[in-house]
Colleague: 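First the structure, which I've put down as structure tokens, then a few questions once you've had a look.
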Amino acid sequence: MANEVARGYTGSASGDSGSTNHLCDATFTTDECSSTVIVVNYGVVREDDANASHLVGDDPPCAGHTVDMSADMVSTVIVEDKQLAINGSKYGGENITTVNQTSVFAG
């Protein structure tokens, strides 16, 4: 089944988002992305691209961290020698749940 292609930060607007499963920050936004492969005005997220820094921990004090895209990508779509991320792909245990475009799919 095809899902929406995930997109990253473009300098003026945050990318797509997801659930962290952390108490300190419940959500994250995508960040690193391709500068040459663009979907609806945003670069696509690929394997090893990091999400935006967010707080991790189950109790304060919380520390900032980023996580690289690492699971549930589309292995048949390669962008700049990396697998393509879609709605449902994961940064470690943090999965993308909201993709703010509904016109480009892969899977």
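It should be emphasised that the depicted structure is a prediction, and the values quoted were computed from it without experimental measurement.
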Colleague: Testing the basics here: between Gln83 and Val74, what is the closest heavy-atom pair and its distance to 0.1 Å?
Modeller: CB-O, 3.7 Å
Colleague: Of the non-hydrogen atoms in Gly43 and Cys33, which two are nearest, and what is the gap between them?
Modeller: O-CB, 3.5 Å
Colleague: Side-chain heavy atoms under 4.5 angstrom apart, residues restricted to Ile, Leu, Val, Met, Phe, Trp, Tyr: same cluster for Phe105 and Val37?
Modeller: no
Colleague: About how many Å separate CD of Glu32 and CG of Asp68, when rounded to the nearest 0.5 Å?
Modeller: 7.0 Å
Colleague: At what distance, to the nearest 0.5 angstrom, does OG of Ser53 lie from CG of Asp31?
Modeller: 9.0 Å
Colleague: Test: ring-ring contact (aromatic ring centres under 6.0 Å, His included). Region: residues 69-104. Which pairs qualify, not counting sequence neighbours?
Modeller: Phe28-Tyr91
Colleague: Give the cluster check for Met73 versus Val45: same hydrophobic cluster or not, with ILVMFWY residues linked at side-chain heavy-atom distances below 4.5 Å.
Modeller: yes
Colleague: Would Val99 and Val67 show up in the same hydrophobic cluster when neighbours are defined by side-chain heavy atoms closer than 4.5 Å?
Modeller: yes
Colleague: To check you understand the geometry: which heavy-atom pair defines the closest contact between Met69 and Ala85, and what is its length?
Modeller: CE-CB, 3.8 Å
Colleague: Please name the pair of heavy atoms, one in Asn100 and one in Gly15, separated by the smallest distance, quoted to 0.1 Å.
Modeller: ND2-O, 3.9 Å
Colleague: To the nearest 0.5 angstrom, please state how far the OG1 atom of Thr30 sits from the OH atom of Tyr9.
Modeller: 11.0 Å
Colleague: If we ignore hydrogens and angles and just use 3.5 Å, is the side chain of Thr66 paired with the main-chain N or O of Ala50 as donor and acceptor?
Modeller: no
Colleague: Starting from the C-alpha separation in whole Å, work towards a yes-or-no answer on side-chain contact (heavy atoms from CB on, under 4.5 Å) for Cys62 and Asp25.
Modeller: CA-CA 9 Å; Cys62 301; Asp25 263 342; over 6 Å; no
Colleague: Taking atom OG of Ser75 and atom CD of Glu47, what is their separation to the nearest 0.5 Å?
Modeller: 10.0 Å
Colleague: Could you go through Lys82 and Asp49, starting from their C-alpha distance and side-chain angles, then the distance that decides it, and tell me whether this counts as side-chain contact (heavy atoms from CB on, under 4.5 Å)?
Modeller: CA-CA 9 Å; Lys82 299 179 180 186; Asp49 285 341; 4.2 Å; yes
Colleague: Should Ile38 and Tyr42 be regarded as members of a common hydrophobic cluster, given that ILVMFWY residues are connected when their side-chain heavy atoms come within less than 4.5 Å of each other, either directly or indirectly?
Modeller: no
Colleague: Can you confirm whether the side chains of Glu94 and Asn51 place a donor and an acceptor under 3.5 Å from each other?
Modeller: yes
Colleague: Mark yes or no for whether His54, through its side chain, and Ala52, through its backbone, hold a donor-acceptor pair below 3.5 Å.
Modeller: yes
Colleague: Between Val5 and Asp16, which heavy-atom pair has the shortest distance, and what is it?
Modeller: O-OD2, 4.2 Å
Colleague: Tell me every residue that passes side-chain hydrogen bond (donor to acceptor under 3.5 Å, both in side chains) with Asn87, counting only those two or more places apart in sequence or in another chain.
Modeller: Glu4
Colleague: If I compare all heavy atoms of Cys24 with all of Leu55, which pair ends up nearest, and what's the gap?
Modeller: CB-CB, 3.8 Å
Colleague: Just by distance, do the side chain of Ser70 and the backbone of Gly92 share a donor-acceptor pair under 3.5 Å?
Modeller: yes
Colleague: Could you go through the side-chain hydrogen bond (donor to acceptor under 3.5 Å, both in side chains) check for Glu80 and Thr36 one step at a time?
Modeller: CA-CA 9 Å; Glu80 299 157 344; Thr36 60; 2.2 Å; yes
Colleague: Please walk me through it: do Val56 and His22 pass side-chain contact (heavy atoms from CB on, under 4.5 Å)?
Modeller: CA-CA 6 Å; Val56 64; His22 303 319; 3.3 Å; yes
Colleague: If I take atom CZ from residue Arg7 and atom CD1 from residue Ile96, how far apart are they, to the nearest 0.5 angstrom?
Modeller: 11.0 Å
Colleague: Is Val40 reachable from Val79 through a run of I, L, V, M, F, W or Y residues, each pair having side-chain heavy atoms under 4.5 Å apart?
Modeller: yes
